[in-house]
Amino acid sequence: MHSRLVVALSFVCVAAPVFALDNGVARTPPMGWNSWNKFGCNVSEKMIREMADAVVTSGMKDAGYNYVVIDDCWQVSRDPEGNIVADAERFPSGMKALADYVHSKGLKFGLYSDAGTKTCQGRPGGRGYEYQDARQYAAWGVDYLKYDWCSHSTQDGPSSYALMSDALKQSGRPIVFSLCEWGSNKPWLWARDVGNLWRTTGDIQDKWSNDKKGQSLGVVQILDLQDGLASYAGPGHWNDPDMLEVGNGGMTSEEYRAHFSMWCLLAAPLIAGNDLRSMPADTRDILTNKEVIAIDQDSLGMEGRRVWRNGDTEVWARPLADGGRAVALLNRGSSAATIEVQWTDLGYPGHLSAKVRDLWAKQDRGAFTKSFSAVVPSHGVVMVTVKP
Ligand code: GLA
């Protein structure tokens with residue numbers, strides 16, 4: 001009788017309503033590569049094949065990057081039956097062959113479309129074709145769909161994305177669903193049941209800071225906009241502060257290290273956007289730092305938050321599955337600064353002895369009580385784990 005009760009109770013638990021999109025993917029933030037930040041509309045099957053090769057040969061695949069995603073401009077029209085048509089000049093072998101090639105490398109394949117009538121570059125959008133497109137994507141072998149928000153006219157945000165979410169579900173293929181509505185409708189409040197990740201802001205620019213209104217955002221402007229969103233993220237449903245600019249030339253190595261560190265602290269999707277075929281060693285060392293990536297991919301899935309700030313100096317922290325904390329000491333100022341993290345800001349009592357490891361220097365710093373401090377270069381971070 002007793003064991004029957006246990007079985008009955010566990011059944012009730014299993015059958016309880018799910019509170020997040022239950023497509024089984026993106027249990028940790030997705031990692032991969034996307035064409036937009038570097039190539040814009042200049043996409044082709046030749047480049048995508050070369051990039052898939054480079055994901056493997058550069059060590060990116062070993063570091064965890066597995067989605068290869070073509071952003072805008074792969075599509076040109078619809079045929080008389082309404083099927084979406086890929087650009088036959090740029091993709092002469094077709095999308096199925098390209099997906100097969102990417103899969104043959106042990107990688108996953110992604111595409112981009114838009115919830116409105118046209119994509120942001122004026123290509124055909126998905127509006128009115130959601131189920132037909134989802135069937136097509138599944139037939140091609142698509143594993144990831146980024147869905148933009150241009151030309152949406154008077155469409156309702158949540159229901160437009162819910163429609164495509166259902167279409168993907170009906171396709172029968174597990175497809176990561178990436179909502180790209182720039183935070184316009186506060187997706188963190190409703191997208192947990194709809195998608196696996198949602199953009200929280202407008203587009204990133206390859207700059208440390210850009211506060212000019214109406215323009216794309218610098219790294220620090222995006223960071224400020226993540227404040228307060230941490231509690232909405234978790235396994236299968238992530239805040240997306242936009243793709244990485246690491247290696248695209250607009251920032252210093254120090255700034256790129258900080259950009260990458262902060263995205264990992266935020267449990268952000270790590271979607272590289274540089275040319276992996278010609279990646280200098282310092283770029284590769286940033287994108288493939290396994291200890292920093294391990295923070296991003298920590299199984300607890302708790303996004304970090306800003307726990308202290310004083311002018312241009314900030315401390316960000318996130319709890320880890322092993323009970324430790326990841327901590328980023330961030331210096332936004334124009335000269336080096338000493339930044340200190342107090343144990344009490346991490347939820348630890350001050351008397352606790354905890355081991356500190358520097359994840360970029362790849363060195364143990366020893367055991368500390370009460371606090372840890374380090375000199376942080378201008379526009380840089382010192383990133384550590386603190387483990388009791
Ligand atoms: C929007 C998105 C970008 C990119 C472009 C493509 O601006 O936010 O990430 O996909 O469209 O046109």
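The figures here come from the full heavy-atom set of this structure, side chains too, leaving out hydrogens, waters and symmetry mates. All of these numbers come straight from a predicted model, not from anything done at the bench.
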Colleague: Any side-chain heavy atom of Pro187 within less than 4.5 Å of one from Glu181?
Modeller: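 Yes. Closest side-chain heavy atoms under 4.5 Å.
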Colleague: Will you find, in the side chains of Asp71 and Tyr112, an N or O donor that is under 3.5 Å from an N or O acceptor?
Modeller: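 The criterion, which ignores hydrogens and geometry beyond distance, is not satisfied for Tyr112 and Asp71.
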Colleague: Taking it one step at a time, do Ser216 and Gln205 satisfy side-chain hydrogen bond (donor to acceptor under 3.5 Å, both in side chains)?
Modeller: CA-CA 5 Å; Ser216 305; Gln205 206 182 8; 5.3 Å; no
Colleague: Is it the case that one hydrophobic cluster holds both Trp263 and Tyr67, taking links as side-chain heavy atoms less than 4.5 Å apart, direct or via other members?
Modeller: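 No, it is not one cluster - the side chains of Trp263 and Tyr67 are not joined through contacts under 4.5 Å.
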Colleague: State, without any angle test, whether Ser371 and Gln342 hold a side-chain donor-acceptor pair at a distance under 3.5 Å.
Modeller: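 No.
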Colleague: Do Trp149 side-chain atoms and Leu179 backbone N/O form a donor-acceptor pair below 3.5 Å?
Modeller: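 No, the answer is negative, given that no donor and acceptor are paired below the 3.5 Å cut-off.
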Colleague: Say whether Asn210 and Gln215, considering side chains only, have a donor N or O and an acceptor N or O under 3.5 Å apart.
Modeller: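 A pair is found: one side chain offers a donor N or O, the other an acceptor, under 3.5 Å apart.
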Colleague: Show, in sequence, the C-alpha distance, side-chain angles and deciding distance for Asp133 and Gln136, and conclude whether the side-chain hydrogen bond (donor to acceptor under 3.5 Å, both in side chains) test is met.
Modeller: CA-CA 5 Å; Asp133 283 352; Gln136 178 68 272; over 6 Å; no
Colleague: Does the side chain of Asp87 pick up a donor-acceptor pair with the side chain of Gln75 at under 3.5 Å?
Modeller: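 Side-chain D/A pair, Asp87 to Gln75: absent.
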Colleague: Taking Gln297 for its side chain and Ala294 for its backbone only, find out whether a donor-acceptor pair lies under 3.5 Å.
Modeller: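 No, the answer is negative, given that no donor and acceptor are paired below the 3.5 Å cut-off.
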Colleague: Apply the test side-chain hydrogen bond (donor to acceptor under 3.5 Å, both in side chains) to residues Glu255 and His379: give CA-CA distance (whole Å), side-chain angles for both, the deciding distance (0.1 Å), then the verdict.
Modeller: CA-CA 6 Å; Glu255 291 170 338; His379 295 184; 2.6 Å; yes
Colleague: Does the ring centre of Phe109 sit less than 6.0 Å away from the ring centre of Tyr144?
Modeller: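 Here the rings of Phe109 and Tyr144 have centres that are no less than 6.0 Å from each other.
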Colleague: Would Trp36 and Asp72 satisfy side-chain hydrogen bond (donor to acceptor under 3.5 Å, both in side chains), going step by step from the backbone distance to the final call?
Modeller: CA-CA 7 Å; Trp36 183 253; Asp72 210 344; over 6 Å; no
Colleague: Work out which heavy atom in Ile175 is nearest to a heavy atom in Val142; give both atom names and the distance.
Modeller: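 Ile175 and Val142 have their closest heavy atoms at CG1-O, 3.4 Å.
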Colleague: Report yes or no: do Val25 and Tyr137 belong to one cluster of Ile/Leu/Val/Met/Phe/Trp/Tyr joined by side chain heavy-atom distances under 4.5 Å?
Modeller: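 Val25 and Tyr137: separate clusters.
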Colleague: Nearest 0.5 Å, what's the CG-CZ distance between Asp345 and Arg306?
Modeller: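 If we round to the nearest 0.5 Å, Asp345:CG and Arg306:CZ are 13.0 Å apart.
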Colleague: Enter the distance from Lys108:NZ to Asp143:CG here, rounded to the nearest 0.5 Å.
Modeller: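 Output value for this atom pair is 5.0 Å.
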Colleague: For Phe372 and Trp343, I'd like to know if the aromatic rings sit close, meaning centre-to-centre distance below 6.0 Å.
Modeller: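 Phe372 vs Trp343: aromatic centres not under 6.0 Å.
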Colleague: Side chains of Trp182 and Asp148: do they bring a donor and an acceptor to under 3.5 Å?
Modeller: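 Present: a donor and an acceptor within the cut-off.
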Colleague: Salt bridge (charged side-chain N to carboxylate O under 4.0 Å, His left out) for Lys355 and Asp364? Distances and angles first, verdict last.
Modeller: CA-CA 8 Å; Lys355 293 196 204 91; Asp364 292 329; over 6 Å; no
Colleague: Indicate yes or no for a side-chain donor-acceptor contact from Ser93 to the backbone of Ala97 under 3.5 Å, with no hydrogens or angles considered.
Modeller: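 Answer holds: no.
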Colleague: Any non-hydrogen side-chain atom of Met243 less than 4.5 Å from a side-chain atom of Lys146?
Modeller: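 Yes. Closest side-chain heavy atoms under 4.5 Å.
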Colleague: Measure from the side-chain N and O atoms of Asp114 to the backbone N and O of Tyr147, and report whether any donor-acceptor pair falls under 3.5 Å.
Modeller: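 No, because the side chain of Asp114 does not come within donor-acceptor range (under 3.5 Å) of the backbone of Tyr147.
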Colleague: Would you kindly say whether Asn37 and Asn274 are connected by a side-chain donor-acceptor distance under 3.5 Å?
Modeller: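 The criterion, which ignores hydrogens and geometry beyond distance, is not satisfied for Asn274 and Asn37.
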Colleague: Looking only at side-chain N and O atoms, does Arg90 offer a donor or acceptor that is under 3.5 Å from a partner on Asn42?
Modeller: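 A donor-acceptor contact under 3.5 Å links the two side chains.
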Colleague: Would you mind telling me which of Lys46, Arg277, Lys61, Lys105 makes a salt bridge (charged side-chain N to carboxylate O under 4.0 Å, His left out) with Asp53?
Modeller: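 Going through Lys46, Arg277, Lys61, Lys105 one by one, the salt bridge (charged side-chain N to carboxylate O under 4.0 Å, His left out) with Asp53 is satisfied by Lys105 alone.
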Colleague: Using the salt bridge (charged side-chain N to carboxylate O under 4.0 Å, His left out) rule, take Lys387 and Asp322 through it: C-alpha gap first, then chi angles, then the decisive distance, then the call.
Modeller: CA-CA 8 Å; Lys387 303 207 175 192; Asp322 66 2; 2.6 Å; yes
Colleague: For the residue pair Pro269 and Pro30, establish whether any side-chain heavy-atom pair is separated by less than 4.5 Å.
Modeller: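 Yes, at least one pair of side-chain atoms sits under 4.5 Å.
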Colleague: Nearest 0.5 Å, what's the NE2-CG distance between His259 and Asp206?
Modeller: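 With rounding to 0.5 Å, NE2 (His259) is 7.5 Å from CG (Asp206).
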Colleague: Using the rule that Ile, Leu, Val, Met, Phe, Trp and Tyr join whenever any side-chain heavy atoms are under 4.5 Å apart, tell me whether Met95 and Met47 fall into a single cluster.
Modeller: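 As far as the 4.5 Å side-chain criterion goes, Met47 and Met95 are connected within one cluster.
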Colleague: At what distance, to the nearest 0.5 angstrom, does CG of Leu111 lie from CG of Leu145?
Modeller: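 If I round to the nearest 0.5 Å, the distance is 7.5 Å.
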Colleague: Rounded at 0.5 Å granularity, tell me how far CG in Leu223 sits from OG in Ser209.
Modeller: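 The CG atom of Leu223 sits 11.0 Å away from the OG atom of Ser209.
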Colleague: Hey, are Trp188 and Asn239 close enough side-chain-wise for a donor-acceptor pair under 3.5 Å?
Modeller: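 The criterion, which ignores hydrogens and geometry beyond distance, is not satisfied for Trp188 and Asn239.
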Colleague: Leu266, Val246: one ILVMFWY side-chain cluster at the under-4.5 Å cut-off?
Modeller: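 Same hydrophobic cluster.
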Colleague: Parallel, tilted or perpendicular: which fits the ring planes of Trp74 and Trp140, with parallel below 30° and perpendicular above 60°?
Modeller: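 Taking Trp140 first and then Trp74, their aromatic rings stand perpendicular (interplane angle over 60°).
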Colleague: Just how far is it from atom OG1 of Thr200 to atom NZ of Lys186, taken to the nearest 0.5 Å?
Modeller: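 One finds 13.0 Å between OG1 of Thr200 and NZ of Lys186.
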Colleague: Looking only at atom types and distance, does a side-chain atom of Ser153 sit under 3.5 Å from a main-chain N or O of Gln155, one as donor and one as acceptor?
Modeller: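 Between the backbone of Gln155 and the side chain of Ser153 there is no qualifying donor-acceptor contact (under 3.5 Å).
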Colleague: Under 4.0 Å between a Lys/Arg side-chain N and an Asp/Glu carboxylate O for Lys362 and Asp358?
Modeller: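 Judged by the 4.0 Å cut-off on N to carboxylate O distance, Lys362 and Asp358 do not form a salt bridge.
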Colleague: Does a donor on one side chain sit under 3.5 Å from an acceptor on the other, for Ser261 and Trp360?
Modeller: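 Ser261 vs Trp360: donor-acceptor pair found between side chains.
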Colleague: Should Trp308 and Val376 be counted in the same cluster of Ile, Leu, Val, Met, Phe, Trp and Tyr side chains packed under 4.5 Å apart?
Modeller: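 Yes; Val376 is reachable from Trp308 via cluster members.
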Colleague: Checking Arg357 against Glu291 for the side chain to side chain contact (heavy atoms under 4.5 Å, CB included) test, could you report, in this order, the C-alpha distance in whole Å, the side-chain angles of both residues, the deciding distance, and whether it holds?
Modeller: CA-CA 10 Å; Arg357 180 169 172 82; Glu291 293 189 47; 2.8 Å; yes
Colleague: Do the side-chain N and O atoms of Asp224 and Gln221 include a donor-acceptor pair separated by under 3.5 angstrom?
Modeller: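 Per modelled atom types, Asp224 and Gln221 side chains form no pair under 3.5 Å.
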Colleague: Would you say the side-chain atoms of Thr313 and Asn331 include a donor-acceptor pair closer than 3.5 Å?
Modeller: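 Thr313 vs Asn331: no donor-acceptor pair found between side chains.
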